[in-house]
Amino acid sequence: MTTFTKLPAGEQPSISVYPSHKLSKINDNIYGGFTEHMGRCIYGGLYDPQNPNKNLIDENGFRKDVIESMKELNVPVVRYPGGNFVATYHWLDGVGPREKRPRRPELAWLGVESNEIGTDEFMQWCEIVGTEPYLALNFGTGTLDEALAWLEYCNSTQDTYYANLRRKHGREKPYNVKYWALGNGEDDYQDSLWETDADIRNRVLGSLAGRAGPSLISSTSERPPADPYQMTKEDYAKKAYQWAKALKLTDPSIELILCGETGHSSWDFYVLKECVKFDTHSLGGSTTASLIDMHSIHIYTACETDPLQNAIAPRSAERAIEIAASLIDLARIENGVPPSVPRQTICFDEWNVWDPSRAPGDKGAEEKYTLSDALAVAVWLNVFIRQSKYVGMANIAQSVNVISPLMTTKDGLMKQTTWWPLLLFSKYMRGTTIATHVSCGAYEGPTTPAWQQSTVDSPWLDVSATISDDGWVSFVVVNVHQTEAFDVEIAGVKEGEVKKYVVSGPSWDVVNTESEQKVGIEEDQWDGKGKLHLPKMSMTMLRWKQ
């Protein structure tokens, strides 16, 4: 948690760090990834056997440079296979001999799915990377029988049909998939400025039917009718609870993630109230287990017209987390869930900077990220650190090529501006969140989304801090100001050798390319004395041994 005192313009800013004031453990799963059958994420991203540069490809057809980058991030969990894609995905199409797998039309992103990559290949990739899989179930065209069969295929040790099918396909041991999502983006409406899962599917289906899709960046444009794969909150809650009972009876060890919306909607309120219950009958009489373990929310932020609004927009997601956490508490209170049942956490399983008007999903969503976007990603990650009490998982959407910090080419890998804050956080911001206090000026103008202006503070200096189990303090401050650097007093820093890492660039709109990296990490040392210089449009990380 970071507390904040707003100062008048021109007053001396200061920051205090309290390494002995530990707040909440950080779940490493906040550094999760996401791979969807969309654009070049799977084919050309994870899997690229046709690449002429065979030195980039391992014996399985996987990109070695992508694997090494995932290892460098120490990604703990990766979500799969979607996303919108999962609403028409049938997992049986993607197992068994490749030459016998069917090619299917794919409606979410207007493509054709070859099914060259499926369950077994993704599990193999996860084992190579050293990460856990997180699978999303098909709540669109899928059935409960199909979901139970997939769970049996992945996790069962019994002498049963789908467990034996896995063995027939060459895998004796179960995969022991722990995390399972009860659908994806099932909401039928979202009052948000940004294009949602529902908008994207409506736009795609609209284009298939020859009608225009919705305006992407307009909160007032008329919404099209819901597509066939969406459902009302009432229908979803009933279906999710039914599926949850059957899935937990099949394998009580799994964790189930309820499909939310933004965290601050009536959908979130309703499905939590209906699904977070005390149900000993469905859990074999256990008084310490729950059908629902996490509640997912999705938010993408962006502002093409104002780099400052773009950089601070993730603070709206912080308010969304706080609201969703309160809704979880409200459901537990009203439904009489006893304290013996662990509190459900938030799974922020799609987050990132994404403007679909400049990177449409049905055209591969290959964003070119600026320095402003890199600062936004740093603020996103600060949010997850500050709210570690509530966040059990977060998954950047996506891990490669599609709205991603990593872009593959025929010849190698390009690291976008957003890679560098993600790398620093994933390497160092683990352990326990510690208290900080910021006194500085604040931005008071219009925000995107608009409601952020009246509900969330927007200090020029966005801060979080952690302490590791071995006593290393890691402190991050993002200066979002477009024109002003600050020299700031930092109380609580141990004098001596302080490692310093700075991510910045010459202008807010600078991007990295294959031939030139204009945004990266500058490493330096600081003695911890005097004032710390914080360049305009920068992220600074300090590290010292307490």
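All heavy atoms count here, side chains included; hydrogens, waters and symmetry mates do not.
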Supply the atom-to-atom distance [X] [atom1] to [Y] [atom2], rounded to the nearest 0.5 angstrom.
X    : Y    : atom1 : atom2 : answer
K178 : N29  : NZ    : CG    : 7.5 Å
M407 : N401 : CE    : CG    : 5.0 Å
R166 : K173 : CZ    : NZ    : 10.5 Å
S426 : E72  : OG    : CD    : 8.0 Å
D159 : N164 : CG    : CG    : 5.0 Å
L327 : K273 : CG    : NZ    : 12.0 Å

Review point. With Y134, which residues qualify under ring pair (Phe, Tyr, Trp, His ring centres under 6.0 Å), at least two apart?
Key: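 Ring pair (Phe, Tyr, Trp, His ring centres under 6.0 Å) check on Y134 returns nothing, list empty.
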Minimum heavy-atom separation for [X] and [Y], please, with both atom names.
X    : Y    : answer
G82  : A136 : O-CB, 3.2 Å
V78  : V75  : CG2-CG1, 3.7 Å
Q158 : A163 : O-CB, 3.4 Å
C41  : Q398 : SG-OE1, 3.4 Å

So, do [X] and [Y] have ring centers that fall under 6.0 Å from each other?
X    : Y    : value
Y162 : W150 : no
F348 : H298 : no
W267 : Y236 : yes
Y153 : W91  : yes
F425 : W420 : no

Between [Y] and [X], is there a side-chain donor-acceptor contact under 3.5 Å, judged purely by atom types and distance?
X    : Y    : result
D355 : S357 : yes
Q344 : S290 : yes
Y43  : E113 : yes

What do you reckon, is [atom1] of [X] surrounded by more than 12 foreign heavy atoms closer than 6.0 Å?
X    : atom1 : answer
K363 : NZ    : no
E514 : CD    : no
K100 : NZ    : no
K64  : NZ    : yes
K415 : NZ    : yes

Would you say [X] and [Y] make side-chain contact, with heavy atoms under 4.5 Å?
X    : Y    : value
I292 : Y241 : no
L46  : T35  : yes
L381 : M429 : no
E367 : W354 : yes
E146 : H90  : yes

Salt-bridge criterion met for [X] and [Y] (N-O under 4.0 Å):
X    : Y    : value
E366 : R40  : yes
R358 : E304 : yes
E116 : R98  : no
K277 : D279 : no
R79  : D349 : yes
R101 : D93  : no
D469 : K25  : yes
K248 : D293 : yes
E274 : K233 : no
D120 : R171 : no

Check your understanding: Out of Y80, Y47, W109, which one pairs with H37 under the ring pair (Phe, Tyr, Trp, His ring centres under 6.0 Å) rule?
Key ->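 Of the listed residues Y80, Y47, W109, the ring pair (Phe, Tyr, Trp, His ring centres under 6.0 Å) partner of H37 is Y80.
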Practice item. Take D268 and H295, measure what side chain to side chain contact (heavy atoms under 4.5 Å, CB included) needs, and give me the verdict at the end. Key: CA-CA 9 Å; D268 295 281; H295 179 71; 2.8 Å; yes
Review point. Hey, mind stepping through W419 and Y369 against ring pair (Phe, Tyr, Trp, His ring centres under 6.0 Å) and telling me if it holds?
Key: CA-CA 10 Å; W419 165 265; Y369 285 121; over 10 Å; no
Practice item. Using the side chain to side chain contact (heavy atoms under 4.5 Å, CB included) rule, pick out the option among L256, L182, L258 that qualifies with C275. Key: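 Only one option passes, and that is L258.
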For [Y], does its backbone N or O pair with a side-chain atom of [X] as donor and acceptor, under 3.5 Å?
X    : Y    : value
D251 : S253 : yes
S265 : E261 : no
N395 : G33  : yes

Practice item. Test V276 against V271 for side chain to side chain contact (heavy atoms under 4.5 Å, CB included), laying out the working first. Key: CA-CA 8 Å; V276 173; V271 299; over 6 Å; no
**Study point:** Criterion side chain to side chain donor-acceptor pair (under 3.5 Å) on N310 and S372, from CA distance to verdict
**Key:** CA-CA 7 Å; N310 184 68; S372 171; 2.9 Å; yes
Practice item. Check step by step if side chain to side chain contact (heavy atoms under 4.5 Å, CB included) holds for N27 and V391. Key: CA-CA 7 Å; N27 194 317; V391 181; over 6 Å; no
Practice item. Test T466 against R430 for side chain to side chain contact (heavy atoms under 4.5 Å, CB included), laying out the working first. Key: CA-CA 7 Å; T466 67; R430 301 185 187 236; over 6 Å; no
Practice item. Walk me through it: do W380 and T301 pass the test side chain to side chain donor-acceptor pair (under 3.5 Å)? Key: CA-CA 10 Å; W380 264 110; T301 61; 3.2 Å; yes
Point to revise | Stepwise side chain to side chain donor-acceptor pair (under 3.5 Å) test for N155 and N176 | key: CA-CA 5 Å; N155 289 9; N176 295 321; 5.4 Å; no
Point to revise | salt bridge (Lys or Arg N to Asp or Glu O under 4.0 Å) evaluation trace for K239 with E234 | key: CA-CA 9 Å; K239 183 175 181 178; E234 292 82 7; over 6 Å; no
Check your understanding: Yes or no on side chain to side chain donor-acceptor pair (under 3.5 Å) for T409 and D411, after CA distance, side-chain angles and deciding distance?
Key -> CA-CA 5 Å; T409 68; D411 301 313; 5.1 Å; no
